[in-house]
A.B. asks: 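Input: one structure, supplied below.
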Protein chains: 2
Amino acid sequence: MSKQRYRIDIAYDGTAYAGWQIQPNGVTIQEKLEQALFELTRHRTKVHGSGRTDQGVHARKQVAHFDLAEDRDPKALARGLNALLPGDIRVSRPVRVDSSFHARRSAVSKEYRYFIWNGENVPPFLRLYRRRVSKRLDVAAMQKAAQTLRGRHDFASFTANPNRPVESTIRTLHELRVTRRGSEITIAAVGEGFLYKMVRSLAGFLTRVGEGAVSPSETAQILSSRRRTARVETAPPEGLFLWNVTY
Amino acid sequence: MSKQRYRIDIAYDGTAYAGWQIQPNGVTIQEKLEQALFELTRHRTKVHGSGRTDQGVHARKQVAHFDLAEDRDPKALARGLNALLPGDIRVSRPVRVDSSFHARRSAVSKEYRYFIWNGENVPPFLRLYRRRVSKRLDVAAMQKAAQTLRGRHDFASFTANPNRPVESTIRTLHELRVTRRGSEITIAAVGEGFLYKMVRSLAGFLTRVGEGAVSPSETAQILSSRRRTARVETAPPEGLFLWNVTY
């Protein structure tokens with residue numbers, strides 16, 4: 001049976017979901033997509049994402065692929081999926097791709113963005129998409145710490161205990177930028193790959209630096225210790241977006 | 001008993017509420033504010049808004065006043081209210097005002113904005129705040145119709161049956177602007193006052209003009225007929241924001 005591979009982009013509000021990946025407890029984005037594909041095609045089809053996102057984490061752009069036995073017009077397919085999916089999951093840019101394309105393995109780099117509302121009151125319309133930090137953060141100190149974290153390092157200090165052992169905790173951070181615009185602080189992280197809860201650990205650590213609880217000069221020592229410390233906290237999921245995947 | 005009057009700004013996501021004004025069925029913004037004030041002060045206090053908003057309508061900036069028997073620091077008062085209110089209602093800019101200030105009667109003009117997502121898929125993060133219109137709208141035609149509606153007119157054709165009889169249906173629209181930025185179309189209406197469901201009627205009518213269902217040249221005739229017609233539809237509430245109140 002010859003199959004056709006399709007690639008889609010997916011945006012989602014993660015608030016109501018137990019993350020991307022199918023799991024026994026809680027509804028997931030992957031599950032919703034596979035259900036909608038089954039309703040459309042009457043075939044069980046596995047949807048492969050570029051990677052997992054945790055419970056409550058959002059995606060501006062997640063990328064996935066799947067194979068169908070029958071050829072379908074990609075636009076009609078996306079329209080059908082969106083008609084079946086809830087409004088907090090939207091599919092876009094459907095295309096036929098060669099079977100050599102793999103959403104996870106073909107990814108060259110990923111960008112995550114973590115958004116902090118640095119003020120007393122998050123506007124009601126952003127309340128599900130921002131971490132609130134009341135105390136004014138020192139962005140210059142955060143930028144200094146980010147500068148030390150950029151590049152190729154062993155990030156063992158910046159991952160939560162993973163469910164499965166990881167071969168290596170060495171990763172390359174191409175970018176780690178901290179910017180402020182009014183009350184909004186954005187932490188953008190670009191890399192080939194990230195460890196479990198690595199972006200939220202980086203965001204949590206940089207927030208503590210911004211609060212003055214940790215000095216940016218301690219960053220190098222925390223990194224080289226390769227051990228998780230209380231100075232590295234895991235920032236809550238609502239501020240995090242999978243922002244882009246490049247191939 | 002001498003009283004002190006306070007003025008606050010309020011932003012709210014109207015999705016979960018039966019509108020601004022207290023009513024027997026459904027939770028309202030006014031009710032939430034009065035409950036929070038009671039918890040803070042142990043006095044029943046009436047909160048006066050600049051005007052009502054309907055079920056499901058949002059506010060970027062609603063303005064209200066209330067009187068307290070005891071003098072309170074305005075900032076502490078706002079902080080206390082925000083601690084008691086849910087995240088979809090936020091209070092800001094608390095100030096003491098003279099008892100001559102009245103949130104409704106002192107208002108000089110109000111601005112409403114109606115937001116249309118003119119495309120197939122509303123981004124998940126905007127789904128509660130945009131009306132989706134798939135068909136590409138002709139913004140030039142909408143602007144032409146808006147031009148005719150601007151100014152002082154009898155807007156009887158652009159109001160829903162009000163609960164109570166209104167003395168006059170004559171109002172002045174200082175501004176009625178239609179703009180497009182990418183997939184987003186914004187209808188901004190500025191006036192001294194608006195009739196019941198007038199902004200949603202204007203937005204619904206302009207949308208039908210944009211779809212080509214009504215010609216902009218019919219606008220003057222619909223206005224002068226002073227009778228509601230099927231060509232004027234009431235646009236759904238989720239796209240509407242009370243944007244500003246000026247004093």
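Excluded from the calculations below are hydrogen atoms, water molecules and symmetry mates; all remaining heavy atoms, backbone and side chain alike, are included. Note on naming: letters A, B, ... go to the chains in the order of the sequence lines (proteins, then strands), and numbering restarts at 1 for each one. Not measured: the values here are computed from a predicted model.
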A.B. asks: Checking B:Ala59 against chain A: side chain, backbone, both or neither under 4.5 Å from a heavy atom?
C.D. replies: backbone
A.B. asks: Enter the distance from B:Leu126:CG to A:Arg90:CZ here, rounded to the nearest 0.5 Å.
C.D. replies: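 With rounding to 0.5 Å, CG (B:Leu126) is 13.0 Å from CZ (A:Arg90).
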A.B. asks: Do you know which of B:Arg79, B:His58, B:Arg60 has the most heavy-atom pairs under 4.5 Å to chain A?
C.D. replies: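 Answer, by heavy-atom pair count under 4.5 Å with chain A: B:Arg79.
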A.B. asks: Might you point out which heavy atoms bring B:Pro124 and A:Ala11 nearest each other, and give the distance in Å?
C.D. replies: CG-O, 3.4 Å
A.B. asks: Working to the nearest 0.5 Å, report the span between CG of A:Asn121 and CG of B:Leu81.
C.D. replies: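 Nearest 0.5 Å value for the CG-CG distance: 10.5 Å.
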A.B. asks: Count the heavy atoms of every other residue, nucleotide or ligand shown that sit under 6.0 Å from NZ of A:Lys46, and state whether that count exceeds 12.
C.D. replies: yes
A.B. asks: Let me confirm one number: the CG-CZ distance from A:Asp88 to B:Arg127, rounded to the nearest 0.5 Å.
C.D. replies: 4.5 Å
A.B. asks: Among A:Phe125, A:Phe241, A:Phe115, which residue meets the ring pair (Phe, Tyr, Trp, His ring centres under 6.0 Å) test with B:Phe125?
C.D. replies: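 Of the listed options, the one satisfying the test is A:Phe241.
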A.B. asks: How long is the span from the CG atom in B:Asp13 to the CG atom in A:Leu128, to the nearest 0.5 Å?
C.D. replies: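 One gets 8.0 Å once the value is rounded to the nearest 0.5 Å.
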